[in-house]
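Working notes, structure below.
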Amino acid sequence: MRVTDLIASKRDGLAAPAADLAEFVRGVTDGSVADYQASAWLMACFLNGLSDSETLALTTAMRDSGSVLSWDPDGPPVADKHSTGGVGDKISLALAPLAAVSGLRVPMVSGRSLGHTGGTLDKLESIPGLRVDLSLDELARQVDGIGVAMVGQTDDLAPADRRLYALRDATSTVPSVDPICASILSKKLAEGLDSLVLDVKVGSGAFMKTREEASCLGQLLVSVAGRLGCRASAVITRMSVPLGTMVGNALEVDESLEILRGGGPEDSRMLTLHLAARMLVGAGTCDMPTALRTCEENLRNGRAMSLFERMVESQGGDLSAFETREPARVRLDVAFDRSGLFCGLDAFAVGEAVRRLGGGRFRVEDRVDHSVGWELSASPGSYVSPGDPLGIVHAASGESAAEAAASLRSAVVWDSILEDLFLGEP
Ligand code: URA
């Protein structure tokens, strides 16, 4: 197979045989396919899409481009959850130990912040000393020992995705359902999972902006995972407003600790319970009502929190240093400047504001500031007046705080009971 022929056939809207895609992925992995050729093929895929069999072949080849973990078949089921990314989405932090303490093995491989969305690894790294760069051997040992590990993608786990993802990012070809499916599943299936729960986000703060796009991605993910031997289920969840009250790395760890201690904002807590319970059901351990009861009990009795502490310690982190850390240099109270029915804040605008504060990245090599972020004080659904508290900006400087405050105030979504008014002539 010549790469130029593969590019030309996708340019002309034709489907490639599985063997050609496998050869292309091998070339991407060993560097024999040039960046400009891979980029041209990615753009052709973006414009013409992939057939179902191409998506299956691409996912398989990308999964097999590195190591694929295998587990003792006599141990508990091996399961994971993946979110397609959002703003304030800190669910994995409490969910991974909760699912593990409830009877699963959870080898969770997560990502960093991407665009306006946050990343689990950046949140975890706000805990001083915590290592997310475990080798695959260390990951396997920790999961065999305590049931859970939360780490980043290593060089030998789906390396083809690393290279293709960087090229998609640099060529504006990320938001396309088929390559997203291959990218997500190649990494997750390399974990050697028995089952997987997919949280497909929809709304302004998600990559999928409409319900149709989200269900198309959800169905594709479930079908491709199933054909590759992993029982998967997908839930579509709201990302038009941020999840919970905290957005920003350390602040989101604070909220996760609240959840692990049995509290936390109701939306974050409910989604954590629901997704953890779905993982138990997907793994075939029990039905949904039993799974929900087990997970609630494991938050209430502190077992999930204890396992989170063990995991942090095992990965070199110091939770007490985190809880007594220096806060961000500036805390700026932000108030409403008009009255009305407060609905929430637009998720994309909040994600962008926190990114500009230094909580996310504009370039891959940017360092994130773990301390900055946004803390919502107002309750969605309440009627507010000028001067009522909207929230608190945590920033590194007064200037960046003021800039964020202005963006956040204009990100408020107002609800209206009065949709329209028609006046008759006197
Ligand atoms: N997350 C991934 O891992 N890959 C994508 O393409 C999009 C979101």
Side-chain angles (χ1 to χ4, degrees), residues 25 28 38-39 41-43 45-47 49-50 54-56 58-63 65-66 80-92 107-123 132 150-155 157-191 193 196-210 213-222 224-225 228 230 232 234-237 239 243 275 347-348 351 355 360-361 364:
V25 170
V28 167
S39 301
W41 183 79
L42 287 168
M43 183 56 83
C45 290
F46 182 83
L47 296 173
L50 292 171
E54 282 180 305
T55 305
L56 180 67
L58 182 66
T59 309
T60 312
M62 285 167 64
R63 177 198 65 188
S65 64
D80 198 359
K81 182 267 322 181
H82 179 83
S83 156
T84 56
V87 179
D89 183 1
K90 70 280 290 172
I91 297 300
S92 292
M108 188 179 274
V109 177
S110 301
R112 295 194 178 277
S113 72
L114 188 64
H116 66 281
T117 65
T120 300
L121 297 184
D122 297 317
K123 296 170 209 206
V132 292
M150 297 180 80
V151 301
Q153 190 178 358
T154 61
D155 286 344
L157 198 119
D161 175 62
R162 251 184 190 212
R163 180 141 179 252
L164 287 175
Y165 196 91
L167 293 174
R168 286 164 63 214
D169 204 21
T171 55
S172 299
T173 51
V174 171
S176 166
V177 165
D178 312 311
I180 289 181
C181 171
S183 166
I184 291 173
L185 289 184
S186 62
K187 287 175 291 226
K188 287 288 157 182
L189 300 186
E191 293 172 11
L193 302 177
L196 172 65
V197 171
L198 295 142
D199 179 5
V200 182
K201 300 284 184 206
V202 62
S204 77
F207 289 113
M208 301 292 118
K209 305 292 180 202
T210 66
E213 286 172 321
S215 36
C216 175
L217 178 60
Q219 283 171 30
L220 186 65
L221 285 162
V222 168
V224 173
L228 291 174
C230 173
V235 281
I236 295 176
T237 65
M239 188 34 72
L243 199 49
L275 294 174
F348 177 75
R355 175 150 79 137
R361 294 185 176 78
V364 184

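These numbers come from the heavy atoms of this one structure, side chains and all, not from hydrogens, waters or symmetry mates. In listed order, ligands and their atoms are each counted from 1. Source: prediction; values computed, not measured.
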Evaluation steps, side chain to side chain contact (heavy atoms under 4.5 Å, CB included), between M208 and I180: CA-CA 11 Å; M208 301 292 118; I180 289 181; 3.6 Å; yes
Pair D80-K188, salt bridge (Lys or Arg N to Asp or Glu O under 4.0 Å): steps then yes or no: CA-CA 8 Å; D80 198 359; K188 287 288 157 182; 2.6 Å; yes
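Considering only non-hydrogen protein atoms, atom 4 (N) of ligand 1 sits nearest to S183 OG, 2.7 Å. Summary of contacts: the protein heavy atom closest to atom 1 (N) of ligand 1 is I184 CG1, 3.9 Å. Looking only at protein heavy atoms, the nearest one to atom 6 (O) of ligand 1 is R168 NH2, 2.9 Å. Ranking protein heavy atoms by distance to atom 3 (O) of ligand 1, first place goes to K187 NZ, 2.5 Å.
The closest approach between any non-hydrogen atom of V174 and ligand 1 is not below 4.0 Å.
The shortest distance between side-chain heavy atoms of F46 and P175 falls below 4.5 Å.
Considering CG of L243 and OG1 of T237, their distance stands at 7.5 Å, rounded to 0.5 Å. Remark: L196 CG to L221 CG distance equals 8.0 Å, nearest 0.5 Å.
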